[in-house]
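For reference, the structure discussed in these notes is given below.
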Amino acid sequence: RGAPHRAAAGRHRREHHREAAAAAVGETHGSLDLLINAAGILSIPNVIQPETSLSKVQKSSLLLAYEVNAVGPILVIKHMRPFLKIGASLGTGKGFSLVANMSARVGSIGDNALGGWHSYRASKTALNQLTKTASVELGKKDNIACILLHPGTVDTDLSRPFQRNVAKDKLFTREFSVHKLLSIIDNAKKTDNGKFFAWDGQEIPW
Ligand SMILES: NC(=O)c1ccc[n+]([C@@H]2O[C@H](COP(=O)([O-])OP(=O)(O)OC[C@H]3O[C@@H](n4cnc5c(N)ncnc54)[C@H](OP(=O)(O)O)[C@@H]3O)[C@@H](O)[C@H]2O)c1
């Protein structure tokens, strides 16, 4: 399974894929008023594992998590920006375009009491800063708002190897989490630009 997983990790690392996706949106729709960046990695067998101690931290894991979880989404926004700007100008929907980036509570520096998971944590912290920085520029210039979302601990492939210590009522179904996140997206206001929300709508400290 190592090789296909390594290949999978490569997808969000290729610039021409992002450019092709943006071109396809342009050709098919001409505009975009909602972009959700959900792709992310926590572990890949034989490639990257969440670190339980500083002694397990490796340069390759730090760089891979950063590339997939932070670099990928911000470059997707860069390429989709022209279409999001058009979407905002059409006057349909909310009156502005929205980018929702899937972050994680563990990316919060202020909330970090447990330690561990260095690569994943730091990559989500970087995603938060990159998104916040983009939100200032895009909010002013293009009428595009950017928000960050924490979905809760959700029963997906990503969390499956790490669910043992999660209380039953703290492990959400995908349907529950998506319902909550869509409610935040549907109710988002322009003044929410640059904010980091948990699944329940509460703001998370940076
Ligand atoms: N599940 C949780 O408890 C939890 C908690 C906090 C935050 N999050 C965040 O929520 C987001 C969604 O996670 P999930 O739980 O739905 O995980 P998931 O089931 O593992 O899905 C991750 C998605 O990312 C895509 N992906 C992974 N590596 C990629 C790459 N290199 N290039 C392009 N796409 C890639 C996968 O595509 P393929 O299916 O095609 O491989 C898949 O669609 C992630 O950003 C994650 O960090 C999840």
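Below, all heavy atoms of this structure are taken into account, side chains as well, without hydrogens, waters or symmetry copies. Start at 1 and go down the list; that is how both ligands and their atoms are numbered.
Looking only at distances, no side-chain donor or acceptor of S123 sits under 3.5 Å from a matching main-chain atom of Y66. Between the side chain of S108 and the main chain of P205, a donor-acceptor pair closer than 3.5 Å is present. The backbone N or O of G87 sits nowhere less than 3.5 Å from a side-chain atom of S31 that would complete a donor-acceptor pair.
Heavy-atom separations between G72 and ligand 1 are all 4.0 Å or longer. Using a 4.0 angstrom heavy-atom cutoff, Y120 counts as in contact with ligand 1. Residue contacts with ligand 1 include S103, since one of its heavy atoms falls under 4.0 Å from the ligand.
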Set out, in order, the CA-CA distance, both residues' side-chain angles and the distance that settles side-chain hydrogen bond (donor to acceptor under 3.5 Å, both in side chains) for S61 and Q49, then state yes or no. CA-CA 8 Å; S61 302; Q49 284 303 317; over 6 Å; no
Could you walk me through whether K56 and T52 satisfy the side-chain hydrogen bond (donor to acceptor under 3.5 Å, both in side chains) test, starting with their C-alpha distance in whole Å, then the side-chain angles of each, then the deciding distance to 0.1 Å, before giving a yes or no? CA-CA 7 Å; K56 301 204 170 141; T52 49; 3.2 Å; yes
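Residue contact check: V154 has heavy atoms under 4.0 Å from atoms 1 (N), 2 (C), 3 (O) of ligand 1. Atom numbering of ligand 1 starts at 1 in the shown order; those under 4.0 Å from a heavy atom of A104 are 6 (C), 7 (C). Annotation for ligand 1: atoms under 4.0 Å from non-hydrogen atoms of A39 are 24 (O), 25 (C), 26 (N), 34 (N), 35 (C), 45 (O). Residue-ligand proximity, M102 to ligand 1, at heavy-atom distances under 4.0 Å covers atoms 10 (O), 11 (C), 45 (O). Counting the atoms of ligand 1 from 1 in the order shown, those under 4.0 Å from a heavy atom of A38 are 11 (C), 12 (C), 44 (C), 45 (O). Heavy-atom proximity to I41, at under 4.0 Å, picks out these atoms of ligand 1: 27 (C), 28 (N).
At a 3.5 angstrom cut-off on N or O pairs, T156 counts as close to ligand 1.
Of all the listed residues (G152, S43, S159), G152 holds the heavy atom that lies closest to atom 5 (C) of ligand 1.
Using bins of under 30°, 30° to 60° and over 60° for the plane-to-plane angle, the ring pair W199/F172 lands in the perpendicular bin.
Under 4.0 angstrom from ligand 1, the non-hydrogen atoms of K124 all belong to its side chain.
Alongside L42, the hydrophobic cluster contains V106, W117, Y120, L158, F162 (criterion: ILVMFWY side chains under 4.5 Å). In the hydrophobic clustering, L171 connects to V166, either directly or through intervening members, whenever side-chain heavy atoms lie under 4.5 Å apart.
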